[in-house]
Amino acid sequence: MVAIFLQAAEEIHEEQCPLSTYFKSLKSPRRVSMLEAVEQQSDDIYSETLSSHGIDYLKSFPKLNDYTVLAADGHFIDHACHTEKGRNGKVYAAGFIYTLNLRNGLLRPFSLITNGTRRHQEIPVLRDQLKRENRTKNSTKKCLYVYDKAVTDYAFWNNQIEHGNLMISVLKENSVATFVESIPFDTSHELNTGIESYSTYENNGIRFSIVNYRDPETKKLHRFITTLPGSINPGTIAMLYFKRWTIEKAFNNSKSNLKETKAWYSDNNSLKNQMRLTAMRYNLLRTVEELSKIQDPELIHPSDKKYTEDLEKRQQAAKKRGGFVNPLFFNERIARISSYTIRAVQNAIMTGKSLTSFINALVAKLVTRVNQIGEH
């Protein structure tokens with residue numbers, strides 16, 4: 001990736017940047033501080049831009065309006081070629097934790113896990129980073145983390161509630177907990193489709209909620225755990241966990257389209273910079289694609305049309321088996337950024353095209369909206 005960047009800088013922009021200068025800047029503490037500030041400011045700008053255009057993928061869940069909802073996960077890539085071996089003589093993948101805002105689809109760097117010199121589990125890193133952030137975080141601002149089952153730690157998340165940090169995860173098969181009481185919920189509400197029970201459980205004096213959701217399409221039972229208050233619909237909890245997989249699409253974009261498959265350097269500062277630059281590049285592409293999709297309300301992105309058509313096929317197949325697709329899956333969702341959008345933005349940057357011209361090119365790729373059935 002570094003070689004490609006330097007080659008493009010020289011061939012297209014006629015700017016030469018010696019490798020020694022590039023790597024020296026990449027690991028500079030001053031560069032780390034600068035990129036940290038720039039990344040935060042760019043996220044604020046993109047968030048405000050998307051919000052001002054009415055882009056909100058959680059608008060179907062109004063009780064979450066006071067929450068920042070983040071899908072979080074570890075992301076690993078090949079270590080840099082010059083990474084030193086650890087004490088055991090081995091080198092591992094370089095790892096990071098990112099978060100993806102489920103309201104607008106923007107990606108944020110959360111923490112560096114390892115540069116590859118040793119194997120490191122991501123959950124202890126997640127906990128340590130949250131503790132550091134709690135020192136300056138406003139506890140009245142509620143942040144909801146949606147993570148896989150490895151994140152479950154009753155005592156830790158119980159302590160995080162006072163800091164405004166809450167979580168949703170899937171319940172581990174070997175979890176030990178005692179039933180306390182059922183939590184009332186509206187069984188007729190569409191948001192609660194498939195919910196069989198919503199209950200408070202306890203483990204060593206720590207209370208939390210468990211949601212039993214049976215997929216009306218596959219009949220498979222899913223069990224979710226959360227520290228959210230009982231006022232949140234259980235169906236919302238189930239849907240948010242399913243939406244967590246959106247972050248995997250962002251990782252796929254990063255590796256497949258942006259070629260972020262290898263660490264740029266083994267220095268920790270360099271890897272932190274790589275995280276921030278990767279997120280900023282992804283967010284530029286996300287914002288451009290989101291803005292292009294709202295230019296004409298009668299048109300939709302080809303990927304959204306295909307998704308809807310696939311849902312309709314699943315709906316028809318499920319009906320034959322006596323089931324149906326949960327209607328919430330027919331709501332708008334954060335799609336993978338298309339390869340066409342990525343190429344268009346890259347070409348626009350290299351050729352100096354105006355924002356209007358390449359937005360118009362993206363709009364030209366939109367197709368007629370599909371009439372959704374979504375009934376059961």
Side-chain angles (χ1 to χ4, degrees), residues 51 54-71 101-105 142-147 157 161 164 166-171 177 179-202 207-246 304 307-308 310-312 314-335 369-376:
S51 176
I55 295 170
D56 181 358
Y57 287 100
L58 296 180
K59 59 187 174 186
S60 298
F61 311 101
K63 289 189 177 181
L64 295 176
N65 287 346
D66 294 333
Y67 293 82
T68 298
V69 185
L70 303 172
N101 191 316
L102 292 180
R103 194 172 298 281
N104 55 29
K142 293 177 283 190
C143 191
L144 173 60
Y145 293 88
V146 189
Y147 219 105
W157 286 106
I161 294 175
L166 302 104
M167 73 88 173
I168 293 174
S169 187
V170 65
L171 187 68
F179 173 82
V180 177
E181 61 183 357
S182 296
I183 301 174
F185 66 96
D186 185 356
T187 57
S188 64
H189 199 300
E190 184 180 67
L191 284 178
N192 296 323
T193 300
I195 300 299
E196 293 190 345
S197 65
Y198 190 24
S199 311
T200 300
Y201 278 74
E202 184 178 86
R207 293 192 174 191
F208 46 87
S209 300
I210 291 179
V211 175
N212 284 346
Y213 167 83
R214 191 173 298 278
D215 190 328
E217 179 185 7
T218 65
K219 308 303 180 184
K220 181 180 179 180
L221 178 65
H222 302 267
R223 306 189 74 198
F224 303 105
I225 180 172
T226 184
T227 54
L228 282 167
S231 58
I232 302 296
N233 284 311
T236 298
I237 294 165
M239 281 298 111
L240 286 180
Y241 190 80
F242 291 130
K243 287 177 177 291
R244 186 187 80 84
W245 293 103
T246 303
D304 293 325
Y307 175 75
T308 302
D310 289 343
L311 279 180
E312 296 297 353
R314 286 170 50 187
Q315 183 76 294
Q316 297 306 317
K319 285 183 176 180
K320 293 178 181 178
R321 300 191 302 268
F324 59 92
V325 176
N326 190 319
L328 296 180
F329 285 127
F330 286 85
N331 291 343
E332 290 183 329
R333 97 284 187 220
I334 301 171
R369 185 177 296 276
V370 178
N371 291 324
Q372 298 182 9
I373 301 175
E375 301 285 343
H376 64 269

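Just so we're clear, the structure is a prediction, and the values are computed from it rather than from any experiment.
Shortest non-hydrogen contact noted between R321 and E217 is NH2-O, 3.3 Å. Here the closest non-hydrogen pair linking K59 and P62 is O-CD, 4.0 Å. Here the shortest heavy-atom pairing between L221 and E196 reads CD1-OE1, 3.9 Å. For Y57 against K243, the heavy-atom pair with the smallest separation is O-NZ, 4.2 Å.
Between Y145 and W157, the two ring planes are tilted [angle within 30° to 60°].
Using modelled atom types, no side-chain atom of E181 and backbone atom of T200 make a donor-acceptor pair closer than 3.5 Å. Judged by distance alone, with hydrogens and angles left aside, the side-chain atoms of T227 form no donor-acceptor pair with the main-chain N or O of L166 at under 3.5 Å. In terms of modelled atom types and a separation under 3.5 Å, the side chain of K63 and the main chain of S231 share a donor-acceptor contact. Remark: the backbone N or O of D186 is paired with a side-chain donor or acceptor of N192 at under 3.5 angstrom. Using a distance-only test at 3.5 Å, with no hydrogens or angles considered, no donor-acceptor pair links the side chain of D310 to the main chain of Y307. Side-chain atoms of R103 do not come within 3.5 Å of backbone N or O of D56 as any donor-acceptor pair. The backbone N or O of M167 sits less than 3.5 Å from a side-chain atom of T226, completing a donor-acceptor pair.
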Inset, instruction - Carefully, step by step, assess L191 and M239 under the rule side chain to side chain contact (heavy atoms under 4.5 Å, CB included). - result: CA-CA 9 Å; L191 284 178; M239 281 298 111; over 6 Å; no

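In summary, the aromatic rings of F61 and Y67 are positioned with their centroids too far apart to meet the 6.0 Å limit. Side-chain rings of Y241 and H222 stay apart, their centers remaining 6.0 Å or farther from each other.
Annotation: side chain of P216 is in contact with side chain of T193 (closest heavy-atom distance under 4.5 Å). By the 4.5 Å heavy-atom criterion applied to side chains, I195 and T187 are not counted as neighbours.
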